[in-house]
Amino acid sequence: MTGTTDTTGAADAIDVLVVDDDFMVARVHRAFVERVPAFRVVGVASSGVQAVEAVDRLRPDLVLLDLYLPDVFGLDVIPRLRTAGHDCDVMVISAARETDAVRGAVRHGVVDYLLKPFEFEDLRARLERYAAQRGRLLATVVRGQADVDRVLAGASTPATAGAALPKGMSVETAELVERALRGADGTLSATECATLTGVSRVSARRYLEYFHTTGNAEVSLRYGAAGRPERRYGWRA
């Protein structure tokens, strides 16, 4: 059976369908999603067939898809959705660590791939990254190659993926700061970055300097009327 929720609410909410055959796991994932602003769960499905039926009825924007389903392998659900004319995005959430599964997910155009088990912050960072990219795609007017490049840059793999961060730094926070820099209209100060990401100014400055050290961000100085110049950071395209 597919669980649903009231679909009334903010028009700009991102509707999510959770697909997992384990009832308790699905409940946890649902609770995680609903803790992230702008996201709401409109249904839960426990099999591939139910997933397709739920997408037909609920028209979600994003499907959180487990791969180990009782009737089909999760990735086989995606072509069924496309054949039915659905263009919803798919984020894989699975314990499947096989290389073929990851490659298959990439070939099917999933927006992300999160391994179980994970913490709330792991999912939150990926949902927020998805929301930012989705917003850019919806708002972009393509006038030339520069606009296309800007969209593709926002969809690229995070610079921190697979990187060994300095001691005391987390991948999740690094991705938050990176996303803020990528999405900024111009440059950011440490204070502005802290406001956007919700981390302290000191932490924001540390991550910004890290990206400057790795060559992913450039620094410029803004001189005010008095005092030391303000360091501002911009993402390198």
Student check: side-chain heavy atoms of Thr173 and Glu121 closer than 4.5 Å: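 No - every pair of side-chain heavy atoms lies 4.5 Å or more apart.
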Working for ring-ring contact (aromatic ring centres under 6.0 Å, His included), residues His29 and Phe118: CA-CA 10 Å; His29 292 178; Phe118 57 88; 5.1 Å; yes
Under-4.0 Å salt bridge between Asp87 and Arg82: no
Side chain to side chain donor-acceptor pair (under 3.5 Å) between Arg201 and Thr191, worked out: CA-CA 5 Å; Arg201 180 186 177 281; Thr191 300; 3.2 Å; yes
Closest heavy-atom pair and its distance - Leu17, Leu58: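 Of all heavy-atom pairs spanning Leu17 and Leu58, the closest is CD1-CD1, 4.4 Å.
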Validation row: Asp22, Arg27 side chains within 4.5 angstrom (heavy atoms):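 In short, these two side chains do not touch, never coming nearer than 4.5 Å.
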Main-chain N/O of Pro79 paired with Thr83 side-chain donor or acceptor, under 3.5 Å: yes
Tyr68 side chain reached by Asp21 side chain, heavy atoms, under 4.5 Å: no
Thr214 side-chain N/O to Phe211 backbone N/O, donor-acceptor pair under 3.5 Å: yes
Backbone of Ser189 reached by a side-chain donor or acceptor of Glu192 within 3.5 Å: yes
Asp89 side chain to Leu62 backbone, donor-acceptor under 3.5 Å: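 Such a contact is absent between Asp89 side chain and Leu62 backbone.
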Nearest non-hydrogen partners of Gln50 and Ser47, listed with the distance: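 Heavy atoms of Gln50 and Ser47 come nearest at N-OG, 3.1 Å.
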Distance-only side-chain donor-acceptor flag, Tyr233 / Glu209, under 3.5 Å: yes
Leu221 backbone acceptor or donor facing Arg232 side chain under 3.5 Å: no
Distance under 6.0 Å and angle within 45° of ring axis: Arg35 vs Phe120: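 Yes, Arg35 sits over the ring of Phe120.
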Crowding at CD, Glu119 (>12 non-hydrogen neighbours, <6.0 Å): no
Spacing of CG belonging to Leu69 relative to OG belonging to Ser94, to within rounding of 0.5 Å: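 Answer rounded to 0.5 Å: 8.5 Å.
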From Arg124 atom CZ to Arg129 atom CZ, the distance as rounded to the nearest 0.5 Å: 11.5 Å
Donor-acceptor contact present, side-chain Arg40 to main-chain Ile14, <3.5 Å: no
Arg126 side chain to Tyr113 side chain, donor-acceptor N/O pair below 3.5 angstrom: no
Closest non-hydrogen atom pair, Ala204 against Ala194: CB-N, 3.9 Å
Beyond-backbone contact of Leu181 with Leu208, side-chain heavy atoms, under 4.5 angstrom: yes
Donor-acceptor side-chain pairing of His86 and Asp56 below 3.5 angstrom: yes
Shortest non-hydrogen contact between Gly215 and Arg236, atoms and distance: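 Smallest heavy-atom distance, with atoms named: O-CD, 2.8 Å.
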Any Glu128 side-chain heavy atom under 4.5 Å of Val36 side chain: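 When only atoms from C-beta onward are counted, Val36 and Glu128 do touch, with a gap below 4.5 Å.
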Student check: side-chain heavy atoms of Leu64 and Val16 closer than 4.5 Å: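 Side-chain contact under 4.5 Å: yes.
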Ring geometry between Phe39 and Tyr130 (parallel below 30°, tilted from 30 to 60°, perpendicular above 60°): tilted
Heavy-atom pair of closest approach, residues Ala101 and Ala96: CB-CB, 4.2 Å
Residues which pass ring pair (Phe, Tyr, Trp, His ring centres under 6.0 Å) with Phe73, listed by chain and number, not counting sequence neighbours: none
Pairwise distance CD1(Ile93) to CG(Asp20) - rounded to 0.5 angstrom: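 Output value for this atom pair is 8.5 Å.
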